[in-house]
Number of protein chains: 2
Amino acid sequence: MARSASVKDVAAHAGVSLGTVSNVLNRPDRVSPDTRERVQRAMAELGFVRNESARQLRAGTSRTLAYVMLDASNPFFTDVAAGIDVAAEAADLSLMLFNSRNSSDREHSHLALLEQQRVQGVLVTPVDPDSPALDELAQRGTPVVIVDRTRSDQSFCSVAVDDVLGGRLAIEHLIDRGHERVAFVGGPATLGQVRDRRQGARAAWKAAGLPREDLVEISTTALDVAQGREAGQRLAGMAAQRRPTAAFCANDLVALGLLQQAIGAGQQVPADLAIVGYDDIEFAAAAAVPLTSVRQPRQELGRTAAELVLDEAANPAHGHRQVLFTPELVARASTLG
Amino acid sequence: MARSASVKDVAAHAGVSLGTVSNVLNRPDRVSPDTRERVQRAMAELGFVRNESARQLRAGTSRTLAYVMLDASNPFFTDVAAGIDVAAEAADLSLMLFNSRNSSDREHSHLALLEQQRVQGVLVTPVDPDSPALDELAQRGTPVVIVDRTRSDQSFCSVAVDDVLGGRLAIEHLIDRGHERVAFVGGPATLGQVRDRRQGARAAWKAAGLPREDLVEISTTALDVAQGREAGQRLAGMAAQRRPTAAFCANDLVALGLLQQAIGAGQQVPADLAIVGYDDIEFAAAAAVPLTSVRQPRQELGRTAAELVLDEAANPAHGHRQVLFTPELVARASTLG
DNA sequence: TCACAAGATTGAAACCTTTCAACAAATCGT
DNA sequence: ACGATTTGTTGAAAGGTTTCAATCTTGTGA
């Protein structure tokens with residue numbers, strides 16, 4: 001392509017100075033109506049497109065926000081992203097999404113690029129929330145908010161949902177429904193989410209005075225559908241009197257896999273096996289046996305995260321806040337049948 | 001934050017000229033090992049971060065590719081995005097994702113920003129593939145590839161899947177299974193996909209010599225789960241001898257909604273109603289009655305699109321190509337029971 | 001008619017990096 | 001020991017925009 005026209009070309013073509021062209025672009029009211037029109041016509045004729053690099057270099061500020069997501073194929077994160085998008089749009093910023101696909105390397109290379117681009121702020125659901133790369137990024141001045149994860153210390157803004165409470169809600173619901181032998185399905189335990197949900201589950205179990213060994217743990221290597229199916233087979237393989245009558249899964253993907261396996265093996269849900277998922281993604285309600293699940297306020301999570309990062313970017317007196325949302329149990333047929 | 005250090009600061013701190021710092025950054029081999037090390041130490045001490053705007057302004061080239069997706073919450077598109085990502089990574093570019101959420105306005109504002117950013121190339125699944133905004137963008141020199149849509153003319157590179165064939169495969173499968181009254185569920189007809197799939201369905205129906213009125217059309221206002229449920233209710237409301245024994249849905253989300261409604265109403269799938277979806281998203285196989293679906297090579301779609309846009313960016317002799325992939329029917333329990 | 005204010009336009013400087021011709025120093029061959 | 005290479009380093013120019021003090025025009029009030 002021919003090198004595209006610059007303000008200078010437009011100025012020459014319209015017979016005005018280059019400062020005036022810039023004024024038309026940035027303070028149209030400072031310029032008389034007829035010159036303004038002349039300049040705009042010149043822009044149209046030359047196909048002028050503002051060079052954002054130059055603009056940003058001079059102005060020092062970019063008009064974008066970025067969200068580095070852990071796994072774009074998990075609907076939970078796309079819903080969070082939609083919430084961020086709403087807030088970004090309200091602030092007249094564009095949201096760029098990056099997918100680290102569970103890889104630290106990809107995550108770090110995206111973060112490095114974003115820092116070089118001087119984006120207004122970075123939202124990130126990190127592979128490892130305690131990675132020092134995040135500290136360095138923040139320390140050098142990029143506003144960073146951690147999404148759906150928390151840190152041991154309070155050195156960042158973060159938004160997350162109370163997973164311990166969520167685990168408790170799930171188990172209390174199953175206990176209410178009369179179950180006395182329940183499986184917790186999820187893993188790996190290196191994920192904070194998994195640990196917290198399990199911890200809440202155990203606390204509720206203990207509080208109900210039920211014997212510890214009747215909360216059976218089935219560990220998976222990832223939180224996806226395939227692992228849910230696999231866990232279902234292990235469950236099915238257990239001796240009948242030891243087999244749990246209900247399962248609480250660490251997320252909906254696992255729960256859907258488990259549901260599929262159970263129905264495929266001819267079991268009735270919830271009569272033979274009740275199932276509770278986590279996240280309440282759209283496909284949970286749309287499953288053939290609609291799934292009871294712990295709902296997280298995904299959109300609000302994203303919206304709040306965006307507001308925090310914008311505050312950090314704009315407000316010099318910004319103080320870090322850790323926002324914790326409250327989850328909610330949505331009971332459906334997979335436990336109510 | 002304190003304004004971050006520039007090459008000039010690094011040069012001063014390391015006691016070298018500014019050109020040398022740039023060499024360390026871009027041609028490390030041209031610089032002697034000890035000065036290189038000195039400069040690198042200075043960078044680390046000052047927390048130097050290269051300013052990408054300035055780099056890009058001078059170098060004229062960005063290191064990013066962008067995909068403007070129609071609906072990030074549809075797993076089909078995130079899978080396509082993953083395919084693009086793989087190819088982008090291989091070319092050492094970063095992929096930025098934007099979500100237009102089915103809005104032309106959002107799509108256009110994203111495209112405008114990307115043009116200003118002078119990205120290497122833009123991949124887009126547009127709300128309206130015939131929008132003149134795309135022509136203008138391409139005409140001004142930004143490489144553009146249309147993904148999962150096609151244009152009447154050949155003025156763009158595009159990658160898509162043969163939807164007419166896909167529709168034919170679905171209906172032929174149902175005819176093979178002995179169905180003689182089938183519903184086509186989908187809409188709105190303004191979507192090229194819907195039109196093509198329906199056209200293929202009709203062609204196959206006609207080729208089998210079946211009466212036209214026995215391919216019943218149930219039109220939806222969108223291709224999502226809620227509309228699928230709604231369509232299910234309309235189906236259920238039909239008089240028994242007029243009611244189709246099978247449904248071909250224009251995508252999997254609709255099929256899942258239909259499946260849910262049917263099972264909720266106590267019907268047996270496929271005995272009372274066989275269902276074929278389209279896209280073969282992961283949740284199709286994971287549904288409680290695994291869904292027969294028409295699979296599209298999603299990742300390959302993305303990968304090919306990325307390769308086309310990179311060729312257009314790099315190769316002056318580039319000619320536009322319209323790549324059409326072949327879909328494939330994956331038969332599962334929802335038609336095989 | 002003159003002084004002044006208000007409004008419109010100008011042009012140079014600054015933002016930070018990369019590139020490249022030119023220069024300096026070290027190394028080599030003879 | 002001397003010119004020719006090679007290796008390493010320099011500094012100015014360029015890239016496109018925005019900003020801002022300065023200048024020019026026009027209109028107003030006395």
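The sequence lines fix the lettering, A, B, ..., with proteins before strands; numbering per chain opens at 1.
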Open item on the list: Show, in sequence, the C-alpha distance, side-chain angles and deciding distance for B/Glu300 and B/Val323, and conclude whether the side-chain contact (heavy atoms from CB on, under 4.5 Å) test is met.
Closed with: CA-CA 11 Å; B/Glu300 204 178 347; B/Val323 178; over 6 Å; no

TODO: Can you sort out which residues in residues 26-46 of chain A have a heavy atom within less than 4.0 Å of DNA chain D? Ascending by number, please.
DONE: A/Asn26, A/Arg27

Task: Nearest-Å distance for atom pair CG/P, residues B/Leu57 and C/dA14 - done: 17 Å

Task: Side chain of A/Ser22 (C-beta onward), nearest among C/dT17, D/dT17, D/dT18 - done: D/dT18

Open item on the list: Ignoring hydrogens and geometry beyond distance, is the side chain of A/Arg55 in donor-acceptor contact with the base of D/dT17 at under 3.5 Å?
Closed with: no

TODO: Map A/Glu52 and B/Gly19 onto DNA chain D by nearest heavy atom, then report which one ends up closer to the 5' terminus.
DONE: B/Gly19

Task: Separation of C/dC15 P from A/Gln116 CD (nearest whole Å) - done: 20 Å

TODO: Compare the minimum distances between each of C/dT10, C/dT17, D/dT10 and the side chain of B/Val16, then state the nucleotide with the smallest one.
DONE: D/dT10

Task: Closest nucleotide among D/dT17, C/dC16, D/dT10 to the B/Asn23 side chain - done: D/dT10

TODO: Looking only at side-chain atoms of B/Ser6, point me to the closest of D/dG16, C/dC16, D/dT9.
DONE: C/dC16

TODO: Using atom CG of B/Asn51 as one end and atom P of D/dG16 as the other, report the distance to the nearest whole Å.
DONE: 17 Å

Open item on the list: Measuring only between side-chain heavy atoms, which start at C-beta, is B/Asp148 closer than 4.5 Å to B/Met69?
Closed with: no

TODO: Report yes if a side-chain nitrogen or oxygen of B/Arg50 is closer than 4.0 Å to either non-bridging phosphate oxygen (OP1 or OP2) of C/dT18; otherwise report no.
DONE: yes

Task: Spacing of A/Gln117 atom CD relative to C/dC16 atom C1', expressed in whole Å - done: 15 Å

- [ ] Tell me whether the OP1 or OP2 atom of D/dT10 has a side-chain N or O from B/Ser17 closer than 4.0 Å.
- [x] yes

Open item on the list: Tell me the interatomic distance from B/Lys8, atom NZ, to D/dG11, atom P, rounded to whole angstroms.
Closed with: 13 Å

TODO: To the nearest Å, give me how far apart CG (A/Leu25) and P (D/dG16) are.
DONE: 15 Å

Open item on the list: Given 3.5 Å as the limit, does a donor-acceptor pair link the side chain of B/Glu115 with the main chain of A/Val49, or not?
Closed with: no

- [ ] Mark yes or no for whether B/Glu52, through its side chain, and B/Arg63, through its backbone, hold a donor-acceptor pair below 3.5 Å.
- [x] no

TODO: For the residue pair B/His320 and B/Phe156, categorise the inter-ring angle as parallel (less than 30°), tilted (30 to 60°) or perpendicular (more than 60°).
DONE: parallel

Task: Non-hydrogen atoms of B/Ala42 and B/His13 that approach each other most closely - done: CB-ND1, 3.6 Å

Task: B/Thr125 side-chain N/O to B/Val147 backbone N/O, donor-acceptor pair under 3.5 Å - done: yes

Task: A/Arg58 side chain, from C-beta outward: closest of C/dT9, D/dT19, C/dT18 - done: D/dT19

Task: B/Leu18 CG to C/dT17 C1', straight-line distance once rounded to whole Å - done: 8 Å

